[in-house]
Every structure is written in structure tokens, then in C-alpha cells.
Participant: 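Just passing along the structure, written as C-alpha cells.
Since this is a predicted model, take the numbers as computed values, not measurements. Chain letters run A, B, ... following the sequence lines, proteins first, then strands; residues in each count from 1.
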Amino acid sequence: MPLSIATWNINSVRLRIDLVSAFLEAERPDVLCLQEIKCIEGNFPAGAFRKLGYEHQVVHGQKGYHGVAVVAKVPITEHIRRGFCGKDDARHVAVNIAGPGALPITLHNFYVPAGGDEPDPAVNEKFAHKLAFLEEMKGWLRGAETLGPTILVGDLNVAPLEQDVWSHKQMLGVVSHTPVETALLEAVRESGGWIDAMRHFVPPEEKLYTWWSYRAADWQASNRGRRLDHIWVTPPLSGRLLGLEVKREARGWNRPSDHVPVILRLAA
DNA sequence: ATGGTTGGGGGCCAA
């Protein structure tokens, strides 16, 4: 049995539970990682997921902001929830999965700080926080953490490659695509030996987006997207990469999230 | 150069 893993910044799981349900019914991924659930664990719509067969759930919630969750048809157990930058923001949770052939897989689900508008850490503490968060990720997500079959997904709020944004030149000064961020995210990935699974399937010369701003009059016509959501795997899983889907059409659904789901399929 | 939209939670802040 192959294993399919989806990631989606849902921007309020309670508001969009019907969209998530429709997505799960149509795609039936084994595991769904959510970011920006924007609720505490007690308000997470656990019953709706259970009804759809996603009875295994690990929720790291927070009132009003951030919050990540993993729901699965297959058994998962909590591995760790880590705080970053000395804050107790709910921006990470990791679970263990019995993958194909009982292969134990660790899955990290991240929501990296957006970083505000001004790309100067000296005057914008949100940008300083984002850089510090990524530095801390770099120090942690290597060595023993990444030796075994490991997957990292989430809204990393950085579009690292030139074709991850609609205009590389026009985005160089915009938070999410500044050189300091793109270099740092690549350093996080490379220092842990991670493989960019999305770019394994879509060549870096090709545009690839997972997010379109709410502020565009017509997101589809202007198509000024960014690839902010990512799936990385460690080398023990590189031979199992089977397929990738970016569910672009989800951006056109009624009352959509500004992010779309991404699905990775791994061979048994 | 500017403003554009959405969500949560209460009457602005984060994205």
C-alpha cells in the first residue's frame, strides 16, 4: 500500500470544515497536516474528521492564532511538539507513522512565522522572529533527527526559488522572497540533507505556486502566486517518491483558504 | 507609490 500525505494551510479549520471534508472525501489522503487551524484543541472539529475515517488525530492548537494538526486514517502517535524562539506559539508538531511495510516514519508539521511587511530585522521584530525561527530549525533538523525516513511539511512562508514566485525581480524586496530568507531556508534544507519533494516532480524552471493573495481582484487572472508550502523528505525515502499534486482548483472554491492543498504519494 | 482581503475576537492585529 502506498502512503499519501497532504498538507494545507486552512486559515481557520472551523470556518472551513466543509471544504476540508469535501477535499478528504475526494482525495482520501492517508494523512492530512493542517496549519493555521486558529483554535484550541478543545474546539477542533474532531468529530467531522472521525466521521470521514480520520480517527487518529494530534492537535497542537492555540486560541485565535497559528495552530497545527495532523489527522490520519492510519495510526499515528505524537513524537514531539516543539516551541521555537522561547515562545509557546503552536507552530510545530511531529508524529510517528507506521509507513509502508511497517517502516517507521517521523512526520514534522510546521507553520513558520510570516514575518510582517518590512524585511529589516532591525526595525521589524516579526521579521527578526522569522529569521530566528528558521535558524533554530536549521540547528535542530539535522543529525539524528534526519537519519531515518523523515518527512517535513507545512507553510514555511518562504518561496525559495526564482520560479516559486510570479516575478523574481519584483519580489526580491518582499518578505517571503528576500535573499536572506531564501538563502536561510535553503540552508535549513541542505544542512539536514532534506530533498525538496515538490521540485523532484516539477522542474525548477517551471512556475509552481501554492498561495495566492486574497487582495488580488482576480487571483486567477493576475496569477501572482508564491510557493510557500513545502514537502521535504530525507534520503531513505527518496526512492519511494511516487507522485505530487498541487490542488490549485481549491483556490477557486467558495470562501477558500489563500493556500491550496499539496499531496505527496510514497511507494510501498 | 499605494492599496487591495480575510479571519479571530472583540471593537484592531496578523496574515
Participant: Where along residues 6-22 of chain A does a heavy atom fall under 4.0 Å from DNA chain B?
Facilitator: A:Asn11, A:Ser12, A:Arg14, A:Leu15, A:Arg16

Participant: Within this structure, what is the CG-to-C1' distance between A:Asp258 and B:dG4, rounded to whole angstrom?
Facilitator: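 It is 14 Å, rounded to the nearest whole Å.
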
Participant: With the threshold set at 4.0 Å, does a side-chain nitrogen-carboxylate oxygen contact exist between A:Asp89 and A:Lys87?
Facilitator: no

Participant: Please give me every residue in residues 211-218 of chain A whose heavy atoms get under 4.0 Å of an atom in DNA chain B, ordered by residue number.
Facilitator: A:Tyr214, A:Arg215

Participant: Ignoring hydrogens and angles, tell me if any N or O in the side chain of A:Ser222 forms a donor-acceptor pair with the backbone of A:Ala216 under 3.5 Å.
Facilitator: no

Participant: For A:Gln35 and B:dA15, give me the distance from atom CD to atom C1', rounded to whole Å.
Facilitator: 14 Å

Participant: Are any of the side-chain nitrogens in A:Arg265 or A:Glu245 under 4.0 Å away from the carboxylate oxygens of its partner?
Facilitator: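 Judged by the 4.0 Å cut-off on N to carboxylate O distance, A:Arg265 and A:Glu245 do form a salt bridge.
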
Participant: Nearest whole angstrom, please: distance from the P of B:dA15 to the CD of A:Gln62.
Facilitator: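 That distance rounds to 10 Å.
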
Participant: Indicate whether any N or O donor in one side chain lies under 3.5 Å from an N or O acceptor in the other, for A:Asn157 and A:Ser176.
Facilitator: no

Participant: May I ask you to evaluate whether A:Lys130 reaches the phosphate of B:dA15, defined as a side-chain N or O under 4.0 Å from OP1 or OP2?
Facilitator: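 No, because none of the side-chain N or O atoms of A:Lys130 sits under 4.0 Å from OP1 or OP2 of B:dA15.
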
Participant: On DNA chain B, nearest-nucleotide positions of A:Arg255 versus A:Glu36: which is more 5'?
Facilitator: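 The residue mapped nearer the 5' terminus is A:Arg255.
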
Participant: Would you classify A:Arg91 as touching base, sugar-phosphate or nothing, given that sugar-phosphate means primed atoms plus P, OP1 and OP2, and contacts are heavy atoms under 4.0 Å?
Facilitator: sugar-phosphate

Participant: Expressed as a whole number of Å, how far does the C1' atom of B:dG3 sit from that of B:dA15?
Facilitator: 15 Å

Participant: Quick one: which of A:Thr7, A:Thr210, A:Asn11, A:Asp229 gives a side-chain hydrogen bond (donor to acceptor under 3.5 Å, both in side chains) with A:His259?
Facilitator: A:Asp229

Participant: Is the shortest heavy-atom distance from the side chain of A:Tyr54 to the side chain of A:Val20 under 4.5 Å?
Facilitator: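 Of all side-chain heavy-atom pairs linking A:Val20 with A:Tyr54, none is under 4.5 Å.
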
Participant: Could you tell me how far B:dG9 sits from B:dC13 if I compare only their C1' atoms? Round to whole Å.
Facilitator: 10 Å

Participant: Are A:Trp194 and A:His230 close enough that their ring centres sit under 6.0 Å apart?
Facilitator: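 No: the rings miss the under 6.0 Å criterion.
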
Participant: For A:His66 and B:dG9, what is the distance between atoms NE2 and C1' respectively, to the nearest whole Å?
Facilitator: 14 Å

Participant: Under 4.0 Å between a side-chain N/O of A:Lys126 and OP1 or OP2 of B:dA14, yes or no?
Facilitator: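 Affirmative; the distance criterion is met.
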
Participant: Taking A:Lys207 for the side chain and A:Trp166 for the main chain, is one N or O donor matched with an acceptor at less than 3.5 Å?
Facilitator: yes

Participant: Measure the distance from CG on A:Asn124 to P on B:dA15 and round it to the nearest whole Å.
Facilitator: 10 Å

Participant: Tell me if a side-chain donor or acceptor on A:His60 pairs with a main-chain N or O of A:His92 at a distance below 3.5 Å.
Facilitator: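 Side chain of A:His60 to backbone of A:His92: a pair is present.
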
Participant: Can you tell me how far P of B:dA15 sits from CG of A:Leu156, to the nearest Å?
Facilitator: 15 Å

Participant: Do any N or O atoms from the side chain of A:Arg240 and from the backbone of A:Pro2 form a donor-acceptor pair under 3.5 angstrom?
Facilitator: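 Judged by distance alone, no pair lies under 3.5 Å.
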
Participant: Rounded to whole angstroms, how far apart are CD on A:Glu125 and C1' on B:dA14?
Facilitator: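 Spelled out: CD on A:Glu125 to C1' on B:dA14 is 13 Å.
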
Participant: So what does A:His259 touch, heavy atoms closer than 4.0 Å: a base, only the sugar-phosphate, or nothing?
Facilitator: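 Nothing, no nucleic acid heavy atom in range.
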
Participant: What integer number of Å spans the P atoms of B:dG10 and B:dT6?
Facilitator: 22 Å

Participant: Nearest-Å distance, CG (A:Asn254) to P (B:dG7)?
Facilitator: 10 Å

